[in-house]
Amino acid sequence: MGIIDFIVKLTNTFWGWPILIVLLGGGLLICFRTGFVQIRYLPFILKQTFGRMFSSNVGGEGSVSPFQAATAALASSIGAANIVVAPSIIFTAGPGAVFWMWIAAIIGQATKFSEIVLGIKYREKNEDGEYVGGPAYTFKKGIGGTLGKVMGFLVSFFFMIEILPSITLQTISAAAPLEQLGMSRIVSAIIITVLVVLVAYGGIKRIAQVTEKMVPIMAAIYIIAGLIVIFMHIDRVPAAFGLIIGGAFNPKAVAGGAAGAGISALIRAGAARGCYSNEAGMGSAPYAHATAVTDHPCRQGMWGIFEVIADTIIVCTISALVVLVTDLYKNPEMQDIGVERAFNSAFGQIGTAIIAISLFLFVLSTIIVIVFYAEKQGEYLFGTAVGKIVRLIACGMVILGGFVSFENAGVFLDATLGLVVFTNMLGMIILSGELKELVDDFFKNPKYYPGAKK
């Protein structure tokens, strides 16, 4: 057995039940610790997030508005995975996997909420006077002692070595739509690098100013186009939901995809793809949210719930439905291009253009933000000056995408991402006892929550 085959086998095992026990089991523990905040206070959360996207300032300290911080985090999580990977689980595990992706997302809402809440609680100011935070800071200060320092170092180190090659892979993905327009990959990579440098070197304020405009526009283009496809096949929507729900509990009765997959395989596929898409459990979002102006950690934490709803419940679901209502899921050859073909069926060649534009914008926004994330890992591990050097290296990884293929890189990224998730969720489980106090302090205080008893 070669080294690549060994890593693949080990990674597949690691991304099986070990990670999912930590993700789903730890997530359920956090749900209980927070009193299922994502369900119990959903109307209020929707009002405070979707209802206040463009007027989200609430006072307090920070560098960017709550919505700007949320769009920066969303820019990282809404990417090619939403268009390609999310519907691919239908082909590999069957339509029922979408149901388990939803369940994992509901659990993940509490996880992401809590990551941000603790990230705000334990944030600090760096040498430049900017707020910084994230799992590394949370574990170092929250868990404390040698264990906290070790876990903080590991989660940051694993994340950094996962991000850097990921930037190159993301660049290759972003260059693909430009190549379809006749542009060489090298020229595409240079253009992407220039765009990323112009934004990333403006710091979190410029990044947030760009993402607050870019994310709503790119999401709206894809969502509206997807809904048009769905409404053109509105008579098949009930059957599509029937496939999803029926297949979730009786996968062998559903044709298409991996029709014989068991329920355990569906849960693994749905939960893993959900984590990849919305990043709940990865601990990435607090690095952006730690910069937000807010008057309470829980108020900013609600934007984490908003992100999972937008990313998985809305965007990923649209991707899955367009493949189901057009019956493309029945053809295994459509696994990687199912959404594009579905758009083609509705819009002709314009559909290809919509997917190309969406993919480019989704991936470009992701690259911009993960360059910032890479800088913050270098800053935590080695100081502010080294963090800026890491930002330069990260920008170099962008242009590298024009020259390399990075075969088998996905195996390495899956392995390192697994280490990030495992370390982050272990720390969240250890600190979960603090969450009830923070949630009660917000939702039982009429100053913050109007429904609280006086």
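Worth knowing before you read on, the calculation uses all heavy atoms, side chains too, and leaves out hydrogens, waters and symmetry mates. Position 1 is the first residue of the sequence; numbering continues from there.
Remark: Ser114 engages no residue in a side-chain hydrogen bond (donor to acceptor under 3.5 Å, both in side chains) (not counting sequence neighbours). Among residues two or more places apart in sequence or in another chain, the salt bridge (Lys or Arg N to Asp or Glu O under 4.0 Å) test is passed with Glu162 by none. Under the rule for a side-chain hydrogen bond (donor to acceptor under 3.5 Å, both in side chains), the partners of Ser156 that lie at least two apart in sequence or sit in another chain are Gln377. For the side-chain contact (heavy atoms from CB on, under 4.5 Å) test, residues two or more places apart in sequence or in another chain that qualify with Leu419 are Phe14, Phe158. The side-chain contact (heavy atoms from CB on, under 4.5 Å) check on Ile191 picks up Met183, Val187, Leu195, with sequence neighbours excluded. Listed by chain and residue number, Ser319 satisfy the side-chain hydrogen bond (donor to acceptor under 3.5 Å, both in side chains) test with Tyr222 (two or more places apart in sequence, or in another chain). Every residue two or more places apart in sequence or in another chain that forms a side-chain hydrogen bond (donor to acceptor under 3.5 Å, both in side chains) with Ser76 is listed here: Glu279. Scanning for side-chain contact (heavy atoms from CB on, under 4.5 Å) contacts around Phe347 gives Ala225, Ile228, Val229, Phe343, Ile350, Ile354, with sequence neighbours left out.
Residues Met425 and Gly27 come closest through the heavy atom pair CE-N, 3.9 Å. Taking all atoms of both residues into account, the shortest heavy-atom contact from Leu321 to Ala240 is CD2-CB, 4.0 Å. Nearest approach of Gly108 to Ala280, heavy atoms of both residues: O-CB, 3.4 Å. The minimum heavy-atom distance between Leu361 and Met218, with the atom names listed, is O-SD, 3.5 Å. The nearest pair of heavy atoms linking Val98 to Ile89 is N-CD1, 4.1 Å. What you find for Thr71 and Ala208 is that their closest heavy atoms are OG1-O, 4.3 Å.
Between Asn424 and Met282 there is no side-chain heavy-atom pair separated by less than 4.5 Å. Counting heavy atoms from C-beta outward, Glu130 and Lys125 have side chains that stay 4.5 Å or more apart. Counting heavy atoms from C-beta on, the side chains of Phe139 and Leu154 never come closer than 4.5 Å. Leu23 places none of its side-chain heavy atoms less than 4.5 Å from the side chain of Ile107. Inter-residue side-chain proximity for Ile313 and Gln109 is flagged as met; some heavy-atom pair is nearer than 4.5 Å. With contacts defined as side-chain heavy-atom distances shorter than 4.5 Å, the pair Ile244/Trp102 qualifies. Put simply, the side chain of Pro286 does not reach to within 4.5 Å of the side chain of Thr138, judged on heavy atoms. Using a 4.5 Å heavy-atom threshold, the side chains of Val371 and Cys395 count as touching.
Put simply, the side chain of Ser77 gets close to the backbone of Leu74: a donor and an acceptor are under 3.5 Å apart. One N or O on the side chain of Gln68 and one on the backbone of Ser65 form a donor-acceptor pair closer than 3.5 Å. Side-chain N or O atoms of Thr423 include none that pairs as donor or acceptor with a backbone N or O of Val420 at under 3.5 Å. In this structure, the side chain of Thr366 engages the main chain of Ala75 through a donor-acceptor pair within 3.5 Å. In terms of modelled atom types and a separation under 3.5 Å, the side chain of Arg206 and the main chain of Val199 share no donor-acceptor contact. With Asn278 contributing its side chain and Asp311 its backbone, the two residues share no donor-acceptor pair below 3.5 Å. In this structure a side-chain-to-backbone donor-acceptor pair under 3.5 Å is present from Gln38 to Ile106.
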- prompt: Where do Ile368 and Ile207 land on the side-chain contact (heavy atoms from CB on, under 4.5 Å) test, with the steps shown first?
  reply: CA-CA 7 Å; Ile368 290 169; Ile207 292 170; 4.1 Å; yes
- request: Test side-chain contact (heavy atoms from CB on, under 4.5 Å) on Thr168 and Val398 and set out the steps.
  value: CA-CA 5 Å; Thr168 303; Val398 178; over 6 Å; no
- prompt: Do Thr294 and Ile120 pass the side-chain contact (heavy atoms from CB on, under 4.5 Å) test, and can you show the C-alpha distance, the side-chain angles, and the key distance before you say yes or no?
  reply: CA-CA 9 Å; Thr294 188; Ile120 294 288; 4.1 Å; yes
message: Quick one, Val117 with Gln300, criterion side-chain contact (heavy atoms from CB on, under 4.5 Å). Give me CA distance, side-chain angles, the key distance, then yes/no.
response: CA-CA 7 Å; Val117 166; Gln300 192 62 29; over 6 Å; no
Enumerate donor-acceptor pairs with a distance under 3.5 Å from any side-chain N or O in residues 428-443 to protein atoms, sequence neighbours excluded.
from, atom 1, to, atom 2, distance (Å)
Ser432, OG, Arg33, NE, 3.3
Ser432, OG, Ile429, O, 2.8
Glu434, OE1, Lys121, NZ, 2.8
Glu434, OE1, Tyr122, OH, 2.7
Glu434, OE2, Tyr122, OH, 2.9
Lys436, NZ, Asp440, OD2, 2.8
Asp441, OD2, His296, NE2, 2.7

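Separating the CZ atom in Phe32 from the OG1 atom in Thr34 is a distance of 10.0 Å, to the nearest 0.5 Å. Expressed to the nearest 0.5 Å, how far CD1 of Ile30 lies from CZ of Phe36 amounts to 11.5 Å. Once rounded to the nearest 0.5 Å, the distance linking NZ of Lys376 with CD1 of Ile370 reads 15.5 Å. Separation of atoms CG (Leu46) and CG (Leu42) is listed at 4.0 Å; rounding is to 0.5 Å. Rounding to the nearest 0.5 Å gives a distance of 4.0 Å between CG of Leu324 and CD1 of Ile90. In this structure, CD1 in Ile45 is found 3.5 Å from CD1 in Ile305, a value given to the nearest 0.5 Å.
Within 6.0 Å of NZ on Lys149 lie no more than 12 heavy atoms contributed by other residues, nucleotides or ligands. The number of heavy-atom neighbours closer than 6.0 Å to CZ of Phe231, taken from other residues, nucleotides and ligands shown, is 12 or below.
Relative orientation of the Phe153 and Phe157 rings is parallel, given thresholds of 30° and 60° on the angle between their planes. Relative orientation of the Tyr373 and Tyr287 rings is tilted, given thresholds of 30° and 60° on the angle between their planes.
Each salt bridge (charged side-chain N to carboxylate O under 4.0 Å, His left out) pair with one or both residues in residues 385-397, not counting sequence neighbours, appears once here: Asp128-Lys388, Glu375-Arg391. Here salt bridge (charged side-chain N to carboxylate O under 4.0 Å, His left out) pairs that include residues 101-117, with residues two or more places apart or in two chains, are Lys112-Glu307. Counting only residues at least two apart or on different chains, the salt bridge (charged side-chain N to carboxylate O under 4.0 Å, His left out) pairs with a member in residues 218-237 are Arg236-Asp327.
The ring of Tyr329 has its center no closer than 6.0 angstrom to the ring center of Phe91. In this structure, Trp303 has its ring center at least 6.0 angstrom away from the ring center of Phe50.
Under the 3.5 Å distance criterion, with hydrogens and angles disregarded, no donor-acceptor pair is assigned to the side chains of Asn126 and Thr384.
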